[in-house]
Amino acid sequence: MVRGTRAPQTASELTLGRDILDAAPRSGAVDLLRAVPGLVASQHSGEGKAHQLFLRGFDALHGQDVELNIAGLPVNEVSHIHALGYADLNFVIPEVVQALEVTEGSYRAAQGDFAVAGTVRMDLGVKEQGVHIAGTLGQYRQRRLVATVRPGEDPETFAAVELGEARNYGAQRGYGRASLLAQATTRLTDGLTLRALAGSYVTRFDSPGVVREDALLAGQQDFFSASTPRQGGTVSRHQLLLGVELPRSGQGRTKLEFFGILSDLRLRNNFTGFRVDERGDGLEQTNDSIILGARAEHRRTVTMFGRPVALELGLGARRDGVEQTQRRYRESDGTFFSDEIDAHFTQTDVWGWAEGRMVLGRWALRIGGRADALGVEVFDALAFRDPRFYDGQGYSRSAFGVHLGAKAGLEYALSDDATTWRLFASYGDGFRSPQARSLSEGERAPFVSVHGAEVGARKDGETWAVQLSVFGSQVENDFFFDHTVGTTVYTGETLRSGVTASLQARPVRGLVAALSGTVAHAYVTKTDTLLPYFAPFVARADVGWEHPLEWTWLGAEPTLFTVGTGLTFIGPRPLPFDEKSRSVFLTDLDLGLRRGALGLKLEVRNLLDARWRDGEFVYSSRFDPSAPASLVPARHFTAGSPRMASLTLEVHL
């Protein structure tokens, strides 16, 4: 099977193939995201919680500004109790991801809710036919077993299971998880194609919380200490997607998809200790959701003004039914003493989009638009039971709103050669939906609107692919959720700008390199102050090399040697109160040897054993209940992993 990729229509669209993803250690789906130019993924609350994402000057928290999609299944959860757009990728088995399709910015009409800084789609497939079993043993009692089955020639038909557990480094970092993903694609006569994707996932994990910098310097805590016990959570997710691609009608192509997702989360965190209450500031949050949705896409070529126009159309709807609670628990025994949220709501998004592209010699013009209609119904059970929580918005309330967005692009090729340099200018309106519980009766649902623009150039070829772009975006009424203290901070208008460059190189057979660097700036226009936590400079390098060895003394079986590395640099990030985080430089190493059906792989994370801080925060806290209360802000951090080595035995049947 030959699998092609669609020609990019902006300067920052790119596809990361399996050869690039195999260049560095990838034991989880978030490791795949780190190959995306400019994207930072922070894991500051244990192995089972969604990662915090940073891209193009946005602190996307746990997904509110980056749209994630797994082979058609949406990942971002609307109005989530922990963070808007919460996107947990831990259910994805990295061995079955065959490519990442990345669209940075919000310049394409197909990009939907939370596609503010960009969209990442993971295409699924298994590289080799047959049965593949891999068992991993590593430091800190890491144990992982992955088995994949690909019965035929189609890489998109497979089944895979993952089992993993570890005590992990430091206190309260243990986890256990199991995940199943299976996909079947059938191509019938007359061009009819059917696809089914199903999966189940469950995990239980611990969370260490944070370490106060002053407590570390005083010797009261070590670098990998946990702040308070009882932190962690459980997650489960079950999903099904059914898709059909209809037979071609002339030059038209139509695809239909229907999906359903059941997910639940129970999470306990305490980032401030005993600052608010002498019994403890710990929060237990639960979020149970049922998601049902459908989408239709149609592509065809039509004639306008005597010229062919490539037209893309899309329709869709999604309904989220969610029950969520938030309660405070005592640190002494874990019992609850205060209810803060007890609500359920339904949120329905109905959308349509259209985009057309006309070629005029070396020029190409792209124009499109998107409309999203959002309806929300909320029942506030806590307000109904306890008048102290009634805020005037109503026990039951509903809201409705519409967001309209324009998309446009201009392209110019410097010559008629398919591999020539091309220049791009793009514009797009993006949006993120509101938190359902914040809406009042009859309110027009206030989408957060983002206006973005980009100019850039790219040159695509089999040996070299280069991209360079300058971007900017304006958010009309921005906010960020400070998860350390559980509050939403509204900032008004914010502006972001920056430059990103990336290179994919395959200069000789067996060698692949993906290099990228992004510089970004983000500030509040009213106060001319930097936004906290965004990443001003990010650089990433993934380099892999494979070479066949001729060891005739071992027989005729082919032997393949592989070596790869992943290098990450993250510059100092602005923190509240004019503080700055420390720089981060990490080196990962991957060595492999495969002979026939057997393979052995050594992976080393953080090869140089850097003492790095995965997350840094500035706020007030009190973890010693006997200490005097104080609102003076202090630095806190979550420790990044030390050097961790693992050995994997692979069997290919």
Check: Does Asp588 have any salt bridge (Lys or Arg N to Asp or Glu O under 4.0 Å) partners at least two apart in sequence or in another chain, and if so, which?
Finding: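 Residues passing salt bridge (Lys or Arg N to Asp or Glu O under 4.0 Å) with Asp588: none at all.
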_Residues in side-chain contact (heavy atoms from CB on, under 4.5 Å) contact with Leu591, at least two apart in sequence or another chain_ =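 Listed in chain order: Phe561, Val563, Leu589, Leu602.
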Could you work out, with side-chain contact (heavy atoms from CB on, under 4.5 Å) as the rule, every residue matching Thr148, not counting sequence neighbours?
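side-chain contact (heavy atoms from CB on, under 4.5 Å) check on Thr148 returns Val96, Val126, His132, Val146, Ala160.
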More than 12 heavy atoms of other residues, nucleotides or ligands under 6.0 Å from [atom1] of [X]: yes or no?
X: Arg18; atom1: CZ; result: yes
X: Arg141; atom1: CZ; result: no
X: Asp578; atom1: CG; result: no

If I take atom [atom1] from residue [X] and atom [atom2] from residue [Y], how far apart are they, to the nearest 0.5 angstrom?
X: Asp277; Y: Glu331; atom1: CG; atom2: CD; value: 10.5 Å
X: Lys49; Y: Asp206; atom1: NZ; atom2: CG; value: 13.5 Å
X: Gln239; Y: Tyr201; atom1: CD; atom2: OH; value: 11.0 Å
X: Phe271; Y: Gln231; atom1: CZ; atom2: CD; value: 6.5 Å
X: His51; Y: Ser42; atom1: NE2; atom2: OG; value: 8.0 Å
X: Asp590; Y: Glu603; atom1: CG; atom2: CD; value: 5.0 Å

Polar side-chain atom of [X] near backbone of [Y] as donor-acceptor pair, under 3.5 Å:
X: Arg268; Y: Gly334; answer: yes
X: Glu579; Y: Pro576; answer: no
X: Ser179; Y: Phe91; answer: yes
X: Gln324; Y: Ser79; answer: yes
X: Gln172; Y: Thr228; answer: yes
X: Trp612; Y: Ser583; answer: no
X: Arg143; Y: Gly164; answer: no
X: Asp339; Y: Ile341; answer: no
X: Ser621; Y: Gly273; answer: no
X: Asn287; Y: Leu265; answer: no

Applying ring pair (Phe, Tyr, Trp, His ring centres under 6.0 Å), name anything that partners [X], two or more places apart in sequence or on another chain.
X: Tyr175; result: none
X: Phe224; result: Tyr169
X: Tyr86; result: His62, His80
X: His521; result: Tyr523

Taking NZ, NE, NH1 and NH2 as the nitrogens, is one of them in [X] or [Y] under 4.0 Å from a carboxylate oxygen of the other?
X: Glu616; Y: Arg582; answer: yes
X: Arg266; Y: Asp264; answer: no
X: Asp65; Y: Arg496; answer: no
X: Arg279; Y: Asp333; answer: no

Q) Checking salt bridge (Lys or Arg N to Asp or Glu O under 4.0 Å) for the pair Glu95/Arg144: CA distance, chi angles, key distance, verdict? A) CA-CA 13 Å; Glu95 285 82 355; Arg144 183 171 182 259; 3.0 Å; yes
Using side-chain heavy atoms (C-beta onward) and a distance below 4.5 Å, is [X] in contact with [Y]?
X: Glu104; Y: Val36; answer: yes
X: Asp113; Y: Arg318; answer: no
X: Gln139; Y: Pro642; answer: no
X: Val475; Y: Phe58; answer: yes
X: Leu21; Y: Met122; answer: no

Within 45° of the axis and under 6.0 Å from the centre of the six-membered ring of [Y], does NZ or CZ of [X] qualify?
X: Arg611; Y: Phe223; answer: yes
X: Arg173; Y: Tyr140; answer: no
X: Arg212; Y: Phe623; answer: no

Exercise for review: Would you check if there is a donor-acceptor pair between the side chains of Ser502 and Ser516 at a distance under 3.5 Å?
Suggested key: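 Judged by distance alone, the side chains do not pair up.
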request  = For Gln52 and Asp59, test the side chains for any donor-to-acceptor distance below 3.5 angstrom and give the result as yes or no.
outcome  =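 Side chains of Gln52 and Asp59: pair found under 3.5 Å.
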Please name all residues satisfying side chain to side chain donor-acceptor pair (under 3.5 Å) with [X], sequence neighbours left out, ordered by chain then number.
X: Asp609; value: none
X: Ser626; value: Asp624
X: Glu213; value: Arg613
X: Ser646; value: none

What closest approach, in Å, do [X] and [Y] show between heavy atoms, and which atom pair accounts for it?
X: His238; Y: Ser200; value: ND1-OG, 3.0 Å
X: Arg230; Y: Ser332; value: NH2-O, 3.0 Å
X: Thr638; Y: Gly209; value: CG2-O, 3.2 Å
X: Ser581; Y: Gly571; value: OG-O, 4.4 Å

(request) Show your reasoning for whether side-chain hydrogen bond (donor to acceptor under 3.5 Å, both in side chains) applies to Thr103 and Thr119. (result) CA-CA 5 Å; Thr103 303; Thr119 300; 5.9 Å; no
As a quick check of understanding, evaluate side-chain hydrogen bond (donor to acceptor under 3.5 Å, both in side chains) for Asn606 and Ser641, giving each step before the final call. CA-CA 7 Å; Asn606 189 8; Ser641 64; 5.2 Å; no
Query - Contact list for residues 534-543, test salt bridge (Lys or Arg N to Asp or Glu O under 4.0 Å), sequence neighbours left out - result: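 Qualifying pairs: Arg26-Asp542, Arg540-Asp542.
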Problem - Option passing salt bridge (charged side-chain N to carboxylate O under 4.0 Å, His left out) with Glu340 (candidates Arg328, Arg327, Arg437) - result: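 Among Arg328, Arg327, Arg437, the one that satisfies the salt bridge (charged side-chain N to carboxylate O under 4.0 Å, His left out) with Glu340 is Arg328.
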